[in-house]
S.K.: 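One structure follows; several queries about it will come next.
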Amino acid sequence: MQRGIDRYTPYLFVLPALVIFVLFVLYPALDNFRYSFFDWRGFGPMEWVGWANYERALGSDGIFHLAFRNNILYFLGTIGSEVAFGLMIAFLLSKPLPLFSGLRVLFFTPMVLSMTIIGILWSYIYHPQIGLINSLLAAVGQQDAARAWLGDPQTIIAAVVITSGWTYGGFFMLLFYAGIKRIPAALAEAARLDGASEWKIFTLVTFPLLRPILVIALLLCWTGSFKAFNLFWVMTGEGGGPYHSGEIVATWIMKQAFQFSRMGYGAALAVIMTIVVVVSSTAYLLYSNRQRLEY
Amino acid sequence: MNRLRWKDYVLMLAMLLLCLAMAFPMVWMAYSSMKPNRLIFTDPWSLPEQFTLERFSEAWVVGNLGRYFTNSMIVTSTTVLLVVLLASLAAYAFARLEFRGRQPLFYLFLAGLVIPAQTFVIPLFVLLRNLGLIDSYPALILPYTALGLPMSIFILHAFFSTLPRDLEDAAAIDGCGLFRIYSLIIMPISKPALATIAILAAIDSWNEFLFAMLFIRDTMTRTLPIGLYIFYGHYDIDYQMLFSGLTVATIPLVLFYVFFHRFIIEGLTVGALKE
Amino acid sequence: MTYEGGTIVRTIGQMLFITCLLILLAAGPTLADAVVLDFAHATTGGAWREALTEIIREFEESHPDITIRENAMKDEIYETVGLVSLFHAGTPPDVYFQWGGWLVERDVSEGWAAKLDEELARDSWKDSFSSAAWDDATVGGEIYMVPHGMDITNLVWYNADIFARYDLQEPETWEEFMDLCQTLKDAGYTPIAAGNKGVGWPMGNWAGHLVSRVIGESAYDDLLKLEEGTSFSDPGVVEALGLLADMVDRGFFNIGVNVIDASEARMSFFMEQAVMHPIGSWLVSSARRDAPELNYAGFDTPAIDGQGDQSSMIGLTVGYMIAADSPHFDEAAKFLRHLTSVEMQRYRVEHTGEISAVRGTGDAAVDPRFELLVDITEAAGTTVAPPDTGYELEVAYAFYDAAAKVMDGIDPAQALQEADEAIAHLR
């Protein structure tokens with residue numbers, strides 16, 4: 001026990017953070033749970049409806065189900081476009097070749113741009129008339145493949161997935177790069193001397209040792225896919241795309257609460273989403289921890 | 001060992017091309033700003049005929065971007081300051097001090113890592129409205145700070161735990177109180193970790209969109225992401241103006257990155273390592 | 001033993017002080033003398049934007065103690081979350097734009113709207129407006145909106161030069177309209193430019209008008225009010241959307257209708273890449289600014305074989321309202337009187353070609369399109385309310401979704417069934 005402490009100092013250290021956190025995160029999060037049992041327009045009387053909001057959300061609200069499915073699709077897509085992409089680039093750029101440290105810097109650049117800028121910019125890259133993609137297709141004679149990428153229900157999620165990959169690839173690249181740098185070079189060298197190919201080195205040496213980071217990366221990808229709001233809102237035109245094909249849970253909550261003034265219902269949707277995210281994240285962490293111990 | 005094999009050259013070329021492709025969207029945005037709308041409409045890939053910078057200043061003024069920029073600066077820097085201060089105090093207590101409730105309180109903060117912001121946006125809106133804070137800077141500063149705390153405390157806690165206790169013990173023996181130890185010893189040597197959390201908090205705060213859209217409607221206090229979105233709404237078919245505005249808003253960020261990238265990247269890699 | 005509490009308390013005290021300072025700073029000083037009127041509206045472009053700026057300028061000049069602070073939002077944002085969130089946040093505007101009909105009713109029932117009968121009676125202000133303008137502005141016999149103009153929500157604008165080139169006339173019937181489109185398509189044009197991005201009101205409104213033409217106006221009204229026994233899957237409704245589906249099948253529209261914004265489709269029409277563009281009467285205002293040389297005209301949706309009044313138009317009165325809680329009612333009223341004065345309205349009509357709700361302004365119009373707009377309003381036996389301004393938003397949007405799906409080639413019956421499911425919980 002160090003001198004200079006009385007019983008209260010630790011609490012004083014924690015107090016400011018605690019006050020702000022409780023007031024602006026915890027209390028609202030709990031209050032949200034309370035709202036979900038009412039029908040409320042944001043002001044005026046709150047009408048108790050019990051489980052009705054939940055029943056509707058889980059039962060008849062087809063758009064909510066669609067939005068949820070879109071979130072899952074987005075998550076699966078970004079595993080590839082963000083995590084796998086970042087991992088691949090990290091590995092390729094990990095060799096101490098000239099220019100590579102500069103290229104790493106370049107890869108990370110989208111991360112410092114405002115997401116709004118990225119969303120607007122890519123809306124125009126995908127634009128049916130003036131966009132880069134369609135005019136590129138026209139230039140190589142593939143006009144028929146041209147479509148309204150953000151307007152076609154079949155491609156809208158994929159389009160946002162690719163934009164996310166462009167944005168966050170750099171972040172995951174850095175994450176994995178840091179991990180790769182920790183691996184003793186001797187290991188890779190030994191394998192190389194033994195005649196192993198680069199691919200073998202990657203799969204048998206690098207990748208296994210990156211497992212802890214991969215675990216964190218997948219978790220970040222999962223929680224991030226539910227937090228995603230900005231890109232979708234901007235790129236799918238106030239959220240939703242054509243008849244909700246690009247709707248995600250976050251945008252649907254926004255519309256319910258602030259467009260249709262159904263705050264109680266919006267709160268219920270938020271509770272469901274939170275439970276799913278928290279439970280799955282916790283389970284995932286516990287599972288991977290146990291794995292590691294056995295490993 | 002340093003001899004480059006042909007395979008290395010191939011890799012370098014491939015990576016270079018990939019990076020150029022990655023950078024191209026931003027380049028396209030910038031040079032499209034210098035083309036008239038008709039040309040953008042008919043021939044998107046073409047390079048501009050003249051290089052003019054006029055449109056940039058026009059976009060800055062018309063879009064009121066200076067005002068929004070300033071507001072974002074105020075909100076972000078205050079948030080970062082508060083986050084660094086509050087998180088380091090709390091993380092230090094969690095890492096070094098024994099007190100009742102330490103474990104549960106720590107996990108309480110960690111819970112904040114997985115809760116998505118949409119969960120409490122509605123009650124938060126009501127709370128801020130009741131406090132009369134809507135349309136003011138604290139409407140964003142306070143929630144951003146609160147949201148930045150979990151990750152920052154997590155990272156700093158990990159970092160502080162790895163520090164050797166010698167310095168602190170020596171200081172204690174010399175009669176230093178806890179707060180002195182914290183401020184004069186721990187903080188100075190924690191610069192890399194503090195830099196990491198500052199950067200993360202700054203990026204999140206600068207880009208934040210949902211709260212900024214809902215809690216601030218006044219043009220005077222509006223932040224940049226919303227300002228750009230509204231600009232986009234007004235000029236959606238005036239492509240040249242729109243691209244100019246986007247480019248102009250991007251330039252300060254790119255400049256900031258050019259000057260501080262080493263700082264940012266090192267901070268993040270070191271921070272990631274400590275995790 | 002040293003007690004560090006002092007330092008800690010001091011530091012925390014400093015932090016609290018700084019936070020208080022920030023809060024005070026942000027709360028902002030209020031101008032002691034001048035009255036600031038918060039004016040929220042959805043005019044972000046076109047000739048009316050310019051005219052409005054001028055009208056405001058003149059008002060501020062003649063009333064130096066009043067300043068107008070505008071909050072202009074894109075119309076879709078304004079209609080959906082924009083205006084509503086201003087009220088929700090407790091920072092409502094003093095004066096604001098609104099579409100007549102259901103939205104005015106909504107504002108009244110939420111307690112947001114100030115009653116205007118008394119003010120209108122003073123100095124015969126009320127008499128300066130045409131009598132038809134009050135329907136959409138009145139709720140429960142009381143007036144809450146100062147009428148400003150009449151919007152025709154949807155008509156078919158066309159490029160007169162291209163029509164002339166192929167010897168085409170304004171179609172009287174739907175069959176003639178289809179033949180016309182086919183001719184243009186065969187000639188290599190995009191017959192119709194449509195931009196339905198977002199909630200999908202452009203095509204949704206046209207679809208609504210078609211539905212009212214097929215099943216009749218009162219059936220349409222019942223449908224959107226979710227009356228007993230009505231359903232989106234009723235055969236008449238399916239038939240109406242089938243008309244659009246048929247056009248989509250025959251390739252009469254541009255690609256990506258649902259991903260292009262209304263203003264981009266308009267651009268396409270102005271650049272003469274498409275021959276026709278179905279949108280509201282406000283196109284005239286945009287054209288005056290963005291395509292002054294374009295030779296264009298418009299016709300109301302042609303006659304369909306159906307139950308409704310085939311001369312009907314879809315439209316409503318729009319205007320400005322004063323917030324019930326506004327501390328500046330008198331100043332707001334002054335501003336609206338200025339805005340709706342004959343002088344200002346004549347200036348407006350001359351500048352924009354829009355129809356004013358104020359009498360004695362018709363002959364100020366310089367734009368040839370003004371006449372055809374007036375003709376449509378006078379020839380219309382009935383006026384049908386657009387879904388999103390005449391009815392509950394959630395219902396309107398479900399209907400718009402169905403229309404949007406049809407524009408993407410989805411079977412109308414299926415699209416409408418899904419719409420039924422979406423609003424089932426409201427019945």
Side-chain angles (χ1 to χ4, degrees), chain A residues 2-5 9-11 13-14 16-18 20-21 24-25 28-29 31-32 35 92-93 97 99 103 105-109 112-117 120-121 125 129-132 135 166 174-175 177-178 182 223 226-227 229-230 233-234 250 253 257 263 266-267 270 273-274 277-278 281, chain B residues 8 11-12 15-16 19 22-23 25 28-29 40-41 44-45 86-87 89-90 92-93 97 99 105 109 112 114-120 122-124 127 142-143 145-147 149 172 176-178 203 206-207 209-210 214 224-225 228-229 232 239 246 249-250 253 257 261 265 268-269 272-273:
Chain A
Q2 289 161 316
R3 302 177 67 209
I5 304 177
T9 319
Y11 295 107
F13 268 56
V14 176
L18 196 62
I20 301 247
F21 186 67
F24 295 100
V25 171
D31 215 18
N32 191 66
Y35 285 8
L92 291 172
L93 286 182
L97 292 175
L99 284 189
L103 291 185
V105 170
L106 195 60
F107 252 103
F108 190 75
T109 314
V112 298
L113 297 182
S114 170
M115 285 295 265
T116 313
I117 295 179
I120 299 173
L121 175 61
I125 292 179
Q129 251 94 40
I130 74 167
L132 289 180
S135 49
W166 183 82
L174 266 196
L175 199 63
Y177 176 71
R182 285 173 81 180
T223 53
F226 280 93
K227 289 189 185 179
F229 174 80
N230 201 342
W233 188 257
V234 172
I253 291 176
M263 299 225 166
M273 181 176 75
T274 309
V277 173
V278 169
S281 303
Chain B
D8 294 329
L11 184 63
M12 278 169 65
M15 286 291 103
L16 195 61
C19 282
M22 290 277 287
W28 179 68
M29 177 180 75
I40 297 179
F41 200 83
W45 284 84
L86 270 47
L89 279 171
Y92 183 64
L97 307 177
F99 56 97
L105 280 179
F109 280 108
V114 289
I115 303 180
Q118 291 85 30
T119 307
F120 48 87
I122 299 166
L124 188 55
L127 174 67
L142 296 169
T145 306
L147 284 174
L149 289 173
C176 263
L178 206 56
I203 293 180
W206 186 268
N207 281 330
F209 190 79
L210 179 62
L214 294 173
L224 194 59
L228 284 172
Y229 186 59
Y232 167 49
Y239 307 121
L246 289 179
T250 308
L253 297 170
Y257 185 58
H261 71 261
I265 293 194
L268 279 174
T269 26
L273 278 174

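Every chain is numbered from 1 and lettered A, B, ... according to where its sequence line falls, protein lines coming before strand lines.
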S.K.: Looking only at non-hydrogen atoms, find the nearest pair between Cys19(B) and Phe107(A) and report the distance.
M.R.: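 The pair with the smallest heavy-atom distance is SG-CE1, 3.2 Å.
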S.K.: Less than 4.5 Å to any heavy atom of chain B: does that hold for the side chain of Thr109(A), its backbone, both, or neither?
M.R.: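 Both backbone and side chain of Thr109(A) come within 4.5 Å of chain B.
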S.K.: Could you give me the CA-CA distance, side-chain angles and deciding distance for Met22(B) and Leu106(A), then say whether side chain to side chain contact (heavy atoms under 4.5 Å, CB included) is met?
M.R.: CA-CA 9 Å; Met22(B) 290 277 287; Leu106(A) 195 60; over 6 Å; no
S.K.: Answer with side chain, backbone, both or neither: which region of Leu214(B) has an atom nearer than 4.5 Å to a non-hydrogen atom of chain A?
M.R.: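 Side chain only.
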S.K.: Heavy-atom distance under 4.5 Å to chain B: side chain of Phe21(A), backbone, both or neither?
M.R.: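 The answer is both parts of Phe21(A).
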S.K.: Non-hydrogen atoms of chain A under 4.5 Å away: do they reach the side chain of Leu228(B), the backbone, both or neither?
M.R.: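 Its backbone and side chain both get close to chain A.
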S.K.: Are Trp28(B) and Leu121(A) close enough that some pair of their side-chain heavy atoms sits under 4.5 Å apart?
M.R.: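 Yes, their side chains come closer than 4.5 Å.
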S.K.: Just how far is it from atom CG of Leu97(B) to atom CZ of Phe13(A), taken to the nearest 0.5 Å?
M.R.: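 With rounding to 0.5 Å, CG (Leu97(B)) is 6.5 Å from CZ (Phe13(A)).
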S.K.: Give, for atom CE of Met29(B) and atom CD1 of Ile117(A), the distance between the pair rounded to the nearest 0.5 Å.
M.R.: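 That separation rounds to 6.5 Å.
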S.K.: Could you give the distance from CG (Leu11(B)) to CG (Leu93(A)), rounded to the nearest 0.5 Å?
M.R.: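 If we round to the nearest 0.5 Å, Leu11(B):CG and Leu93(A):CG are 7.5 Å apart.
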S.K.: If I compare all heavy atoms of Trp45(B) with all of Leu132(A), which pair ends up nearest, and what's the gap?
M.R.: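 Closest approach of Trp45(B) to Leu132(A): NE1-O, 3.3 Å.
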S.K.: Carefully, step by step, assess Asp31(A) and Phe120(B) under the rule side chain to side chain contact (heavy atoms under 4.5 Å, CB included).
M.R.: CA-CA 8 Å; Asp31(A) 215 18; Phe120(B) 48 87; over 6 Å; no
S.K.: For Tyr11(A) and Phe99(B), take the angle between the two ring planes, folded into 0 to 90°, and tell me which bin it lands in: parallel under 30, tilted 30 to 60, perpendicular over 60.
M.R.: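 The arrangement is perpendicular - the two ring planes meet at more than 60°.
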S.K.: To the closest 0.5 Å, what do you measure between CG (Leu246(B)) and OG1 (Thr116(A))?
M.R.: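 Interatomic distance, Leu246(B) CG to Thr116(A) OG1, rounded to 0.5 Å: 9.5 Å.
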S.K.: Write down the atom of Leu253(B), the atom of Ser114(A), and the distance for their closest heavy-atom approach.
M.R.: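 Nearest pair, atom of Leu253(B) first, then Ser114(A): CD1-N, 3.8 Å.
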S.K.: Less than 4.5 Å to any heavy atom of chain A: does that hold for the side chain of Phe109(B), its backbone, both, or neither?
M.R.: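 Both backbone and side chain.
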S.K.: Among Ile253(A), Val278(A), Leu99(A), who wins on heavy-atom pairs under 4.5 Å with chain B?
M.R.: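 Option with the top pair count is Val278(A).
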S.K.: Measure Leu124(B) against the heavy atoms of chain A and call it side chain, backbone, both or neither at under 4.5 Å.
M.R.: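 Contact with chain A: backbone and side chain both.
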S.K.: Testing Thr274(A), Asn32(A), Val277(A) one by one against Ile115(B) for a side chain to side chain contact (heavy atoms under 4.5 Å, CB included), which residue passes?
M.R.: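 Only match with Ile115(B) under side chain to side chain contact (heavy atoms under 4.5 Å, CB included): Thr274(A).
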S.K.: What pair of heavy atoms forms the shortest contact from Ser135(A) to Pro44(B), and how long is it?
M.R.: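 The answer is OG-CG, 3.7 Å.
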S.K.: Which heavy atom of Ile125(A) sits nearest a heavy atom of Pro25(B), and at what distance?
M.R.: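 So the minimum-distance heavy-atom pair works out to CD1-CB, 3.6 Å.
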S.K.: Does Tyr257(B) reach the main-chain N or O of Leu113(A) with its side chain, forming a donor-acceptor pair under 3.5 Å?
M.R.: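 Checking the backbone N and O of Leu113(A) against the side chain of Tyr257(B), no donor-acceptor pair under 3.5 Å is found.
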S.K.: Might you point out which heavy atoms bring Ala17(A) and Leu149(B) nearest each other, and give the distance in Å?
M.R.: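 Scanning both residues, the minimum pair turns out to be O-CD1, 3.5 Å.
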S.K.: Sort out for me which of Leu127(B), Leu210(B), Leu105(B) touches chain A most, counting heavy-atom pairs under 4.5 Å.
M.R.: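 Ranked by heavy-atom pairs under 4.5 Å with chain A, first place is Leu210(B).
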S.K.: Please determine, among Pro143(B), Ala87(B), Ala90(B), the option with the most heavy-atom pairs under 4.5 Å with chain A.
M.R.: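 Option with the top pair count is Ala90(B).
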